[in-house]
Amino acid sequence: MRGRLSVVTVGCKANFADSAAIVTHAARAGFEVVRGGNPADVLIVNSCTVTHRADRDSRAIVRRLRREHPGAILVMTGCFAETTPEARASLPEVDHWVGIRGPSALPELLRSLAGEAKGGDEDLSDYAADLLLGHSRTFLKIQDGCDAVCAYCVVPRARGPGRSLPRREVLERAVRAEKDGAREIVLTGIHAGRYGADRGEREGLARLVEALLQATSACRFRLGSVEPMEITSALVSLLSTNARLCPHLHVPLQSGSDRMLQRMRRPYTAKGYRERLALLAAEVPGIRLGADVIAGFPGETRDDFSETMRLILDTPLSYLHAFPYSPRAGTESAGWADDVTPGEKKRRVARLRTADAAMRKEYLGMQVGKTLIVAVAARDPGAGQARGTTENYAEAVIRSGAVPREGLIPVRIDAVRGDHLEGTAV
Ligand code: SF4
């Protein structure tokens, strides 16, 4: 059987990179890959388990897809599929469960669904830099797994120890993606700031970025998430001197209280975090900085939370991803009393989200009148517009008589509309 296949992704940029790989394997197996929402014969849910909510979303998507596509084959993969074998009995909607620790399992399943013999001599690497259905923007996974021991985190259990893709291979994939039309390559990893550390390299990420910039000329690069202590002066200097390295960084915070950071086993202090962000803001003017924050970690008092709010309000952050703490089976903190009440967690998350909305609004407002470079992701010639992402990580709608083709388009920003910018191609 060959037919139409669609992939739905939940979670982080590393998962999007995995989905790009799935799309490639599916195309090689002979499937026609279609966008979500279209009729499909095979549906793959690339799930996430970082929070209870991610679990819930992964389950809900599977149930919705089953209702919408009663005859399709439904495959569940990703972190949720890897770490929660007990969920299988409660989700009869799923036809095939595929973990992520054995990278060849999914390509093999795709080939067998496509009616091909198992095995084969294809490169079954789980790393990819492939264009997701014609976008100018693509994800290149440079690293997977994590050796850290954050008390709340289930990811090392799902993805195993840190390992980096060889530099030569990253370069080859980036050059190929650029040749295929990628104009923005997002470098992803579970712990990308430790790129090369498994081979004993120092400054591995900065050296890799330098090499990528030398090996390519038409595309730009975006770093995903980098832990605060991994923002080295070499990385800051690259961000400040290279227009092809997007001025945007996601720097997980989790808490602004040293007591909480220590309990979470996060290897930095609030002061250290402030200093790294201040350095970035001073050296890379206009850089967009975002953070993850957990509210209601075991033992978090109101004072601890106030310290988090204080730090957020006086650092140059411009967006937050705020989560209520939820214990994940198999983690250290799951054995501790989950002692912040659900109501209090909700209040703290609401305060974080209010701060997030205000920071986003302020940052987007500051973009009006500027010319930003948009990586076009979707075109709608009927409506005379296109959509994409600016170098400083804002969604932008481009209004124009001649709808720009995919690529990097200079756009004069005219207005903010809700959560996105609006502008005219120049
Ligand atoms: S650094 Fe900490 S939070 Fe991030 S994946 Fe590793 S263990 Fe999880």
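These numbers were taken from a predicted model, which means no experiment stands behind them.
Between the R66 side chain and the A72 main chain, a donor and an acceptor come within less than 3.5 Å of each other. Looking only at distances, no side-chain donor or acceptor of D95 sits under 3.5 Å from a matching main-chain atom of V75. Of the possible polar contacts, none joining the R157 side chain to the T331 backbone as a donor-acceptor pair under 3.5 Å is found. Between the side chain of Y325 and the main chain of K345, no donor-acceptor pair closer than 3.5 Å is present. Formation of a donor-acceptor pair under 3.5 Å by the T232 side chain with backbone atoms of L235 is found in this model.
Looking at V376, I185, T389 one by one, the single match for side chain to side chain contact (heavy atoms under 4.5 Å, CB included) with R137 turns out to be T389. When each of V155, D55, T51 is checked for a side chain to side chain contact (heavy atoms under 4.5 Å, CB included) with R328, only D55 meets the rule.
Listed here is the closest heavy atom pair of C246 and E391: CB-O, 3.3 Å. Contact record, V349 with F323: CG2-C, 3.9 Å, taken as the closest heavy-atom pair. Considering all non-hydrogen atoms of both residues, Q143 and I190 come closest at OE1-N, 2.9 Å. Contact detail for C146 and H191: the closest heavy-atom pair is SG-ND1, 3.3 Å. Between E307 and S257, the shortest heavy-atom distance links the atoms OE1-CA, 3.6 Å.
Taking the ring centre of F31 as origin, the terminal cationic atom of R28 falls outside the region bounded by 6.0 Å and 45° from the ring axis.
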Show your working on ring pair (Phe, Tyr, Trp, His ring centres under 6.0 Å) between H250 and Y319 and close with a plain yes or no. CA-CA 9 Å; H250 189 84; Y319 69 90; 5.6 Å; yes

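T9 and S19 share a donor-acceptor pair across their side chains, judged by distance under 3.5 Å alone. With 3.5 Å as the limit, one finds a donor-acceptor pair spanning the side chains of D304 and T301.
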